[in-house]
Peer 1: 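Below you will find the structure I want to go over with you.
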Amino acid sequence: MACAFGDIMKIDTTGASEVTAKQDKLTIKGAEASKKLAEHDLARMEKYKGIITKVGKAKKMDPAVIAAIISRESRAGAVLKDGWGDHGNGFGLMQVDKRNHKLVGAWDSEQHFAQGTDILIDFIKGIKAKFPQWSQEQCFKGGISAYNAGLGNVRTYERMDVGTTGGDYANDVVARAQWFKSKGY
């Protein structure tokens, strides 16, 4: 399926920081750590693959990117309590912030995935407006970074992850997405 926002496989990535890798007590960092983190979430992710694919197709978003955000945000549900994370502010597998959005659907529903994907798409479009000279793939990566820390946090392409959780959000999500792509997402 063609993604309307660019090719995730063409995006450069440094992968997970040491801070993020330590979630799973990994002694490695970078793209290899991101792949391991995603691999640890794969069994839980499989039960959502059908919905992820359906929403991806409907929104023209690469399902691997949706899966990668779910992996990064909630470890495919493993870190949620009754569907909530981030001290009761983040809702669902994609961790939609209740302070900024009206929540829709159940925490693991198609409506939730559609909302999270729409939020991502809005950020990609916001980055494109902010940086019209950036390539499609650069805007895609910038939008992923903004999904975590907001449009205002993205100031340059090289340093877009400064200020994101773990200092590696977009780079980690891109590396996880590339791995999920290899698993048929």
Side-chain angles (χ1 to χ4, degrees), residues 1-8 11 23 34 37-129 136 139-154 164-166 169-170 172-185:
M1 179 206 79
C3 174
F5 306 98
D7 182 349
I8 198 69
I11 300 177
Q23 287 178 3
S34 295
L37 291 158
E39 192 178 337
H40 295 167
D41 296 337
L42 185 61
R44 283 184 305 277
M45 194 70 70
E46 287 292 311
K47 68 178 159 232
Y48 307 114
K49 189 174 185 179
I51 304 173
I52 291 168
T53 305
K54 184 177 178 185
V55 170
K57 188 175 233 159
K59 304 284 181 188
K60 296 182 175 42
M61 175 55 66
D62 192 326
V65 175
I66 299 171
I69 287 175
I70 290 168
S71 173
R72 171 66 188 232
E73 289 287 343
S74 68
R75 304 304 307 272
V79 301
L80 301 181
K81 184 164 174 39
D82 300 322
W84 291 90
D86 188 27
H87 312 289
N89 292 311
F91 179 71
L93 291 166
M94 294 184 80
Q95 287 293 279
V96 174
D97 194 314
K98 72 175 186 186
R99 296 166 295 190
N100 303 317
H101 304 279
K102 185 181 186 302
L103 304 177
V104 298
W107 65 273
D108 60 351
S109 67
E110 185 179 332
Q111 296 94 320
H112 170 70
F113 288 16
Q115 181 182 28
T117 303
D118 282 338
I119 292 166
L120 173 62
I121 291 168
D122 286 345
F123 279 126
I124 296 167
K125 289 176 178 172
I127 291 291
K128 185 76 188 145
Q136 192 176 26
C139 291
F140 198 176
K141 187 176 180 183
I144 291 168
S145 178
Y147 186 89
N148 176 256
L151 283 176
N153 193 67
V154 180
T164 64
T165 308
Y169 191 87
D172 181 35
V173 168
V174 167
R176 291 187 201 211
Q178 290 171 346
W179 186 84
F180 278 114
K181 191 106 180 138
S182 77
K183 297 297 168 208
Y185 280 81

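All heavy atoms count here, side chains included; hydrogens, waters and symmetry mates do not.
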Peer 1: Mind checking the NZ-CD spacing from Lys141 to Gln136? Nearest 0.5 Å is all I need.
Peer 2: 15.5 Å
Peer 1: Under the criterion side chain to side chain donor-acceptor pair (under 3.5 Å), which of Thr165, Asp172, Asn153 is the partner of Asn148?
Peer 2: Thr165
Peer 1: Carefully, step by step, assess Lys125 and Asp118 under the rule salt bridge (Lys or Arg N to Asp or Glu O under 4.0 Å).
Peer 2: CA-CA 10 Å; Lys125 289 176 178 172; Asp118 282 338; over 6 Å; no
Peer 1: Give, for atom CG of Leu120 and atom CE of Met61, the distance between the pair rounded to the nearest 0.5 Å.
Peer 2: 4.0 Å
Peer 1: Where the side chain of Gln95 meets the backbone of Gly90, is there a donor-acceptor pair that is under 3.5 Å apart?
Peer 2: yes
Peer 1: In Å and rounded to the nearest 0.5 Å, what is the SG to CZ distance from Cys139 to Phe123?
Peer 2: 14.5 Å
Peer 1: Is a donor on one side and an acceptor on the other found under 3.5 Å between the side chain of Gln178 and the backbone of Ala64?
Peer 2: no
Peer 1: Ring centroid separation for Phe91 and His112, is it under 6.0 angstrom?
Peer 2: yes
Peer 1: How many angstroms lie between CD1 in Ile52 and CD in Glu46, if you round to the nearest 0.5 Å?
Peer 2: 9.0 Å
Peer 1: If the condition is ring-ring contact (aromatic ring centres under 6.0 Å, His included), which residues does Tyr185 pass it with, not counting sequence neighbours?
Peer 2: Phe180
Peer 1: Could you report the tightest heavy-atom contact between Ser145 and Val154, atom names first, then the distance?
Peer 2: OG-CG2, 3.8 Å
Peer 1: Please name all residues satisfying ring-ring contact (aromatic ring centres under 6.0 Å, His included) with His40, sequence neighbours left out, ordered by chain then number.
Peer 2: none
Peer 1: Would you please classify the geometry between the Tyr147 ring and the Tyr169 ring as parallel, tilted or perpendicular, with 30° and 60° separating the classes?
Peer 2: parallel
Peer 1: Checking Lys98 now: which residues fulfil side-chain contact (heavy atoms from CB on, under 4.5 Å) with it, not counting sequence neighbours?
Peer 2: Trp84, Asn89, Leu103
Peer 1: Of the non-hydrogen atoms in Ala177 and Ile8, which two are nearest, and what is the gap between them?
Peer 2: CB-CG1, 3.7 Å
Peer 1: Measure the CD-OG distance between Glu39 and Ser34 for me, rounded to the nearest 0.5 Å.
Peer 2: 12.5 Å
Peer 1: Could you please spell out the steps behind the side-chain contact (heavy atoms from CB on, under 4.5 Å) verdict for Lys128 and Ile124?
Peer 2: CA-CA 6 Å; Lys128 185 76 188 145; Ile124 296 167; 5.7 Å; no
Peer 1: Which heavy-atom pair separates Leu151 from Ala146 by the least distance, and what is that distance?
Peer 2: N-CB, 3.9 Å
Peer 1: Considering all heavy atoms of both residues, which atom of Ile70 and which atom of Met94 are nearest to each other, and what is their separation?
Peer 2: CG1-CG, 3.6 Å
Peer 1: Without swapping roles, check the side chain of Ser109 against the backbone of Ala106 for a donor-acceptor pair under 3.5 Å.
Peer 2: yes
Peer 1: Phe140 and Gly6: which non-hydrogen atoms are nearest, and at how many Å?
Peer 2: CE1-O, 3.6 Å
Peer 1: Check Lys57 with Asp62, please: is the shortest side-chain N to carboxylate O separation under 4.0 Å?
Peer 2: no
Peer 1: Going by the salt bridge (Lys or Arg N to Asp or Glu O under 4.0 Å) test, name the single residue among Lys47, Lys49, Arg72, Arg176 that passes it with Asp41.
Peer 2: Arg176
Peer 1: Do the non-hydrogen side-chain atoms of Ser71 and Met45 ever get within less than 4.5 Å of each other?
Peer 2: yes
Peer 1: Distance check, rounded to the nearest 0.5 Å: Lys54 atom NZ versus Glu110 atom CD?
Peer 2: 3.5 Å
Peer 1: Between Asp86 and Gly88 (side chain of the first, backbone of the second, donor and acceptor by atom type, cut-off under 3.5 Å), is there such a pair?
Peer 2: no
Peer 1: Would Leu42 and Trp179 count as a side-chain contact (heavy atoms from CB on, under 4.5 Å) here? Give the steps.
Peer 2: CA-CA 10 Å; Leu42 185 61; Trp179 186 84; 3.7 Å; yes
